[in-house]
Structure formats: C-alpha cells, structure tokens
Undergrad: 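The structure's right below; bear with me while I get my questions together.
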Amino acid sequence: MVDVADKLGYFQAITGLEDPDLCTEILQAHGWDLELAISSFTSSGPRDHDADASSSHIDGDHNLDRSNTNPETNDYPPRGIYDDSELERGLRPPGIAWRIITLPISIVSGSLGLVSGAIGFGFWAAGGVLSYSLGMLGFGGRRGGGSEPSSSSARLVPSSAAGEAMEFIALFDRDYGRNSFKPGFVPEGFMDALQRSRSEFKLLFVYLHSPDHPDTPAFCDGTLCNEVFVAFLNENFVAWGGSIRASEGFKMSNSLKASRFPFCAVVMPAANQRIALLQQVEGPKTPEEMIAILQRVVEDSSPVLVTARVEAEERRTNLRLREEQDAAYRAALEADQARERQRQEEEERLKREAAEAERKRKEEEEARERAEREAAEREAARVRMRQEKALALGDEPEKGPDVTQVLVRFPNGERKGRRFERNTKIQTLYDYVDSLGVLETEEYSLITNFPRTVYGRDKESMSLKDAGLHPQASLFIEIN
C-alpha cells in the first residue's frame, strides 16, 4: 500500500496545485481516496493556488465548496467562471491539448481527471494513463468504502436493454413522427451505445425522456426535432435515449442524479464499468442553447478525438506494415519449408516404395510357401482319409443273396464297382467313394436316375436294402 506522501505527490502532479497544505486538506476531506478527491476537485471548479485561498474553498467539515457549480448545465468547471485577471495570472487550468502533451493527462471540458479511468477506452486522450497508474500504485477508489459514487463517474449496471431502446424509439416516432427531422437514437442498450461511441471516436449524447413532464412535448418538438440541432447532433455524437418509465432509463436517471426534466447529458467511458460525465443539461432549452452547449463540449473534446483517431490510424498503418512484412517473411519461410518438405517427401516416397515392394515380395513368397504347405497338408489329409476309410470298409464280400452289387459313375466318366452286404449303411457307400480319391471335394450326393432318387447325407443311416438298392444299384455322382 502506498503511503500518504505518494498520494500527496501524485495529487499535486495531476491537479497542478503547489500548496501541499491545500492538497492535504482536499485529500483528507475525501478520506485519502485519490480518485474521488481528483473528481471532486475538478467538478467544483479550479482553486486559487495561493495558500490563503484554501479557507474559501474548504469549510470546517473539510467538504469541498460547490457553490460555483451551475445547476442548469453542470459543466465541470462552468465556462465564464474565470475573469480576465485570472487568465492573465495563469490561474485557469491549462487546456486539454496542453494537458495531453505535458502530463500527459486528458482533461475534457476543462476538467482535471474527467477521464480518470478510460482504460476501457484504450487510447482515448491517453486518459487510461491516469486510471491505470492509480490502480498500479494502489490508489483505487472506494474499495470497501461507504462513500457514494460521484455523478462524474456513475457506476454502470450492464444489461441487455436493446428491447427497451427500440421501444423508446418507436414511442418517440409515434409521438413526434410528424417532424421530418429526429435524433438518430441507436436501437441498443446503453452499454452497447457507449461501446459504439468508443469505436466511432465520438461522445455519447444521453436523453432521458419523462413522458409526463409538461416541458417534454415542447422540448422534443422544438429542440430535439429541430433540423439544425438534429444535423449537429447526428454528425458529432452517438445519441441514446431512454424513458424513465423503463428499467434502464430509470437506472440511468438515478446514476446521473437527474433532478429536472427534460434531461440531457454527454458522457464517455471510464474504468471499471463507469462513465465520465462531461456535460449535463436540465430543463428546457432552445435549439440554439443546446447547440452552443454541445458545441463547446465538442470543441473541448476535439483534440482528444483527433489525437485518438490519428493514433488509431497510425497504429493501423503500423500494424498493416508489420502484417505485410510478416506476411512476406512467412511467404518466404513457407516457400523454403515447402521445398524442404517436398525434398523430404520425395525421399520418404522412394523409401516407402522400396519398402512396399520388399514387403509385397516377402508376402507373395510367404503366401506361395503357405499355399504349397497347405496344399501338401490337404493332400496328406486326403490320403490319410482315403486310407482310413478303405481300411474301415473291410474285405469285399463274395457274391451271394445277401450281397448287393454297387456301380458308381463319376463325373469324369470313370466307373467303380464293389460288393457290399445288403445291411450296409449308405454312409459306407460315401466312405467307399471318398477312399477312391477320384473326387477333389466332399460336397456331393449319390443319386439314381430311374427313378431319380437322391441319397443325400440325410439318408446315410439307411441300409442298402431299405433304400431299395438291393440286390444291385447303379449310382451317379452329383457335385453339390
């Protein structure tokens, strides 16, 4: 945690006040909350740099004197607060361009620390330097404290409110659609509109609509829908409007502490989902008065916006150059890598082809050897089978009344005959045919032609007599 001396030195560097006693009293009045002290100092107008001026700006309770605040416009500080003698003595705070160049701290609308935390705004007016530096030094505001947030840094509550915004635009068009010119309110929630203003390098114009207020119709018809005002507004601002009857409009009216309607404000993003209040206008105003107020805000903010655009364009240009250089380098590197890959792939391809050829040769050799081995094994098995079945047949019986003469004709025209006992099973006939070794398959059937009868494997248990093959039979081989 940083000490009191660091906070005091930082406060003096930001505000430009040289009197340490005055700075100490201001910080003490705000509980040594650096960010809150800077915001309150700027919103209540500049101080005299002389030590004897402290009593006129800080009361006995150490509360900042806000008597110079303009309740109608609430610009920070109000224009016209300095007379010529003050300008000659250099008491008026330096302009925004001077502050950017010297500190560099962005001072918008003559307010020191108005953009005290534009971290989310990136490069907007280098304002992020202040908030980022405060956070890095441990000067974060109101952590765990009980003080209320100031109107110049009202905390936002992100919400999905595009529907409410579109409903407000529809109702505005319904009530004031007779006018040819209307503000270009964006049909999106406040946070999205804030993001749009950031990306377009514009400030956000906020209009809070009170339908029941007696000044609202005249203000909408005479000012908001004025041709010159609409042209000026749409060209220089992102416009967002909300009805205080709707959730987001009501929340924004509380955050901005709107006390009189019609209510308009100009805001910009700040750190930690906050907004910086640059200008607020309460009560009815003519188009000329509104344009004059907003023109002053635009003029004070113009250096900030121009610097932001220039820096953004420079960054885009530098980024584009880097990308082009990187692209050229990557292209050359990829070309070299592609050639190397092609060479390696060619070598690998040749190796793969050689390995594949060798593999195929070995596979073919192994397959041939395996086939020969299997064929030899099958042949040996058939030989063993024939021998076993021939031995199982036993001796051929002599002719007699109980002996059946069987003649077998093979598909190749070869004939084989043998005598069997009449009670011999048809299975034995199959064994006999197998033992001869004439057929290369075991998938066949024994049949007779006249009449055609198939003695398949399902009849193997029948005797020759029962099958009608006794005393003699002529059988054919039919391959299945």
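Computation of the quantities below employed the complete heavy-atom set of this structure, encompassing side-chain atoms and omitting hydrogens, waters and symmetry-equivalent molecules. All of these numbers come straight from a predicted model, not from anything done at the bench.
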Undergrad: Indicate the atoms forming the closest heavy-atom contact of Val186 with Ala193, along with that distance.
TA: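 Looking at all heavy atoms of both residues, the shortest contact is CG2-CB, 3.6 Å.
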Undergrad: Are the side chain of Lys202 and the backbone of Ala239 linked by a donor-acceptor contact shorter than 3.5 Å?
TA: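 No, because the side chain of Lys202 does not come within donor-acceptor range (under 3.5 Å) of the backbone of Ala239.
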Undergrad: Salt bridge between Lys362 and Glu366, side-chain N to carboxylate O under 4.0 Å?
TA: no
Undergrad: With the threshold set at 4.0 Å, does a side-chain nitrogen-carboxylate oxygen contact exist between Arg343 and Glu346?
TA: no
Undergrad: Between Arg178 and Asp221, is there a side-chain heavy-atom distance shorter than 4.5 Å?
TA: yes
Undergrad: More than 12 foreign heavy atoms under 6.0 Å from CD of Glu289: is that the case here?
TA: yes
Undergrad: Would you give the length of the straight line joining atom NZ of Lys7 to atom CG of Leu27, rounded to the nearest 0.5 angstrom?
TA: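 Going from the NZ atom of Lys7 to the CG atom of Leu27 covers 8.0 Å.
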Undergrad: Counting C-beta onward and ignoring hydrogens, is there a side-chain heavy-atom pair between Leu171 and Arg174 closer than 4.5 Å?
TA: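 Contact flag for Leu171/Arg174 side chains = yes.
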Undergrad: How long is the span from the CE atom in Met191 to the CZ atom in Arg196, to the nearest 0.5 Å?
TA: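 Taking CE in Met191 and CZ in Arg196, the distance rounds to 14.5 Å.
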Undergrad: State, with a plain yes or no, whether a side-chain heavy atom of Ile479 is found less than 4.5 Å away from one of Leu439.
TA: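 Ile479 reaches Leu439 side chain to side chain.
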Undergrad: Are side-chain N/O atoms of Arg341 and Gln344 paired as donor and acceptor at under 3.5 Å?
TA: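 Note: Arg341 and Gln344 side chains miss the donor-acceptor criterion.
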Undergrad: Considering only heavy atoms from C-beta outward, does the side chain of Glu227 approach that of Phe232 to under 4.5 Å?
TA: no
Undergrad: Taking side chain to side chain donor-acceptor pair (under 3.5 Å) as the test, write out the residues that go with Asp336, two or more places apart.
TA: Arg339
Undergrad: Enumerate, atom names and distances included, each donor-acceptor pair closer than 3.5 Å involving a side-chain atom of residues 203-214, sequence neighbours excluded.
TA:
unit_1: Tyr207; atom_1: OH; unit_2: His209; atom_2: ND1; d: 2.8
unit_1: Asp212; atom_1: OD1; unit_2: Arg245; atom_2: NH2; d: 2.4
unit_1: Asp212; atom_1: OD2; unit_2: Arg245; atom_2: NH2; d: 2.8
unit_1: His213; atom_1: ND1; unit_2: Asp215; atom_2: N; d: 3.0
unit_1: His213; atom_1: NE2; unit_2: Phe261; atom_2: O; d: 3.3

Undergrad: Does the side chain of Cys264 come within less than 4.5 Å of Phe219's, by heavy atoms?
TA: yes
Undergrad: How long is the straight-line distance from CD of Glu345 back to CD of Glu340, given to the nearest 0.5 Å?
TA: 10.5 Å
Undergrad: Identify the heavy atoms of Phe263 and Ala258 that sit nearest to each other, and give their distance.
TA: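 Closest approach of Phe263 to Ala258, heavy atoms only: CD1-CB, 3.5 Å.
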Undergrad: Return the minimal non-hydrogen interatomic distance between Ala165 and Pro187, and the atom names on each side.
TA: CB-C, 4.1 Å
Undergrad: Is any side-chain heavy atom of Tyr176 closer than 4.5 Å to one of Pro217?
TA: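 Yes; the side chains approach each other to less than 4.5 Å.
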Undergrad: Rounded to the nearest 0.5 Å, what separation is found between the OG1 atom of Thr223 and the CD atom of Glu288?
TA: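 With rounding to 0.5 Å, OG1 (Thr223) is 8.0 Å from CD (Glu288).
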Undergrad: Return a table of donor-acceptor pairs under 3.5 angstrom between the side chains of residues 350-361 and protein atoms on other chains or two or more places apart.
TA:
unit_1: Glu353; atom_1: OE1; unit_2: Arg349; atom_2: NH1; d: 3.3
unit_1: Glu353; atom_1: OE2; unit_2: Arg349; atom_2: NH1; d: 2.5
unit_1: Glu356; atom_1: OE1; unit_2: Arg359; atom_2: NE; d: 3.2
unit_1: Glu356; atom_1: OE1; unit_2: Arg359; atom_2: NH2; d: 3.2
unit_1: Glu356; atom_1: OE2; unit_2: Arg359; atom_2: NH2; d: 2.1
unit_1: Glu358; atom_1: OE1; unit_2: Arg361; atom_2: NE; d: 3.4
unit_1: Glu358; atom_1: OE2; unit_2: Arg361; atom_2: NH2; d: 2.7
unit_1: Arg359; atom_1: NH1; unit_2: Glu363; atom_2: OE1; d: 2.9
unit_1: Arg359; atom_1: NH1; unit_2: Glu363; atom_2: OE2; d: 2.3
unit_1: Arg361; atom_1: NH1; unit_2: Glu365; atom_2: OE1; d: 3.2

Undergrad: Is the shortest side-chain heavy-atom distance between Phe181 and Val228 below 4.5 Å?
TA: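 Phe181 does not reach Val228 side chain to side chain.
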Undergrad: Is a salt bridge present between Arg309 and Glu313, judged by a nitrogen-to-oxygen distance below 4.0 Å?
TA: no
Undergrad: Working to the nearest 0.5 angstrom, can you tell me the gap between Phe250 CZ and Glu164 CD?
TA: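 So the gap between those two atoms works out to 12.0 Å.
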Undergrad: When you measure from the side chain of Trp240 to the backbone N and O of Asp192, does any donor-acceptor pair fall under 3.5 Å?
TA: no
Undergrad: When rounded to the nearest 0.5 angstrom, what distance separates CE in Met385 from CD in Glu442?
TA: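 Answer rounded to 0.5 Å: 5.0 Å.
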Undergrad: Return the minimal non-hydrogen interatomic distance between His30 and Leu36, and the atom names on each side.
TA: CD2-CG, 3.7 Å
Undergrad: State, to 0.1 Å, how close Val281 and Lys285 come at their nearest heavy-atom pair, and which atoms those are.
TA: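 Distance-wise, the nearest heavy atoms are CG1-CG, 3.6 Å.
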Undergrad: Does the pair Val238 and Phe201 meet the rule for a side-chain contact (heavy atoms from CB on, under 4.5 Å), with working shown?
TA: CA-CA 9 Å; Val238 172; Phe201 299 100; over 6 Å; no
Undergrad: For Asn226 and Gly222, which heavy atoms make the closest approach, and how far apart are they?
TA: CB-O, 3.5 Å
Undergrad: Dump the intermediate steps for side-chain contact (heavy atoms from CB on, under 4.5 Å) on Arg457 and Tyr444, then the final yes or no.
TA: CA-CA 9 Å; Arg457 301 285 181 176; Tyr444 62 91; 3.9 Å; yes
